[in-house]
Trainee: 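One structure follows; several queries about it will come next.
Excluded from the calculations below are hydrogen atoms, water molecules and symmetry mates; all remaining heavy atoms, backbone and side chain alike, are included.
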Amino acid sequence: QVQLVESGGGLVQAGGSLRLSCAASGSIFNIRAMGWYRQAPGKQRELVAVIISGDTIKYADSVKGRFTISRDNTNTMMYLQMNSLKPEDTAVYYCQYTEGVLTTRDYWGQGTQVTVSS
């Protein structure tokens, strides 16, 4: 079992910055991937950024050059630095870990609201 808790969301003006944090606890020994997703009202949840196998990083095209994903070397903390925020970045942001070796399981945090005003 892995428990994830997000923090750092809030209200910010367009062009501003926020840093989201995800604190992980539990069985975090075989993490295959860790990432940030978001879901805006009326839309499907979408991938924002992901770290795969500890070193491969991928970003959604819509956030490239503005957002940076990072983690500590124990995988207990993951971050999403969001710069040059736009109103279309408004969503609930979730952190997600994929854990396991032969079989994998996904774990999700409860989400944190990010609202960008124009």
Trainee: Are M82 and V92 connected into the same hydrophobic cluster when the rule is that any two of I, L, V, M, F, W, Y join if their side-chain heavy atoms are below 4.5 Å apart?
Mentor: no
Trainee: With a 4.5 Å limit on heavy-atom distance, are the side chains of L85 and L18 in contact?
Mentor: yes
Trainee: Return the minimal non-hydrogen interatomic distance between A91 and Q113, and the atom names on each side.
Mentor: O-NE2, 3.4 Å
Trainee: Take V48 and Y59 through the side-chain contact (heavy atoms from CB on, under 4.5 Å) test and state the conclusion after the steps.
Mentor: CA-CA 6 Å; V48 176; Y59 294 97; 5.9 Å; no
Trainee: Measure the shortest side-chain to side-chain distance between Q39 and Y93 over non-hydrogen atoms and say whether it is less than 4.5 angstrom.
Mentor: no
Trainee: Would you please classify the geometry between the W108 ring and the Y94 ring as parallel, tilted or perpendicular, with 30° and 60° separating the classes?
Mentor: perpendicular
Trainee: Where is the tightest heavy-atom contact between D89 and S84, given as atom of each residue plus distance?
Mentor: OD2-O, 4.4 Å
Trainee: Answer yes if I31 and I57 sit in the same cluster of Ile, Leu, Val, Met, Phe, Trp and Tyr residues linked by side chain heavy atoms under 4.5 Å apart, and no otherwise.
Mentor: yes
Trainee: I'd like to check K58 versus I69 (side-chain heavy atoms, cut-off strictly below 4.5 Å). Are they in contact?
Mentor: no
Trainee: How close do S17 and N83 get, counting heavy atoms only, and between which atoms?
Mentor: OG-OD1, 2.9 Å
Trainee: May I have the step-by-step check of side-chain contact (heavy atoms from CB on, under 4.5 Å) for Y97 and R105, ending in yes or no?
Mentor: CA-CA 8 Å; Y97 276 34; R105 180 174 176 178; over 6 Å; no
Trainee: Run the side-chain contact (heavy atoms from CB on, under 4.5 Å) test on I51 and R71 for me, step by step, so that the C-alpha distance in whole Å, both residues' side-chain angles and the decisive distance to 0.1 Å come before the verdict.
Mentor: CA-CA 9 Å; I51 302 173; R71 63 177 180 91; 4.0 Å; yes
Trainee: Between V114 and V50, is there shared hydrophobic-cluster membership here, with clusters defined by ILVMFWY side-chain heavy atoms closer than 4.5 Å?
Mentor: no
Trainee: Taking salt bridge (charged side-chain N to carboxylate O under 4.0 Å, His left out) as the test, write out the residues that go with D61, two or more places apart.
Mentor: K64
Trainee: Which atom pair, heavy atoms only, marks the closest approach of L4 to A24?
Mentor: CD2-CB, 3.6 Å
Trainee: Would T98 and Q96 satisfy side-chain hydrogen bond (donor to acceptor under 3.5 Å, both in side chains), going step by step from the backbone distance to the final call?
Mentor: CA-CA 7 Å; T98 299; Q96 184 253 345; 2.9 Å; yes
Trainee: Yes or no on side-chain contact (heavy atoms from CB on, under 4.5 Å) for L80 and R38, after CA distance, side-chain angles and deciding distance?
Mentor: CA-CA 12 Å; L80 186 68; R38 68 185 180 187; over 6 Å; no
Trainee: Would you say CD of Q44 has more than 12 non-hydrogen atoms from neighbouring residues, nucleotides or ligands within 6.0 angstrom?
Mentor: no
Trainee: Inspect the contact between R32 and E99 and indicate whether a charged nitrogen and a carboxylate oxygen are less than 4.0 angstrom apart.
Mentor: no
Trainee: For G35 and M78, which heavy atoms make the closest approach, and how far apart are they?
Mentor: O-CE, 3.3 Å
Trainee: Could you check if a side-chain atom of M77 sits within less than 4.5 angstrom of a side-chain atom of S21, using non-hydrogen atoms only?
Mentor: yes
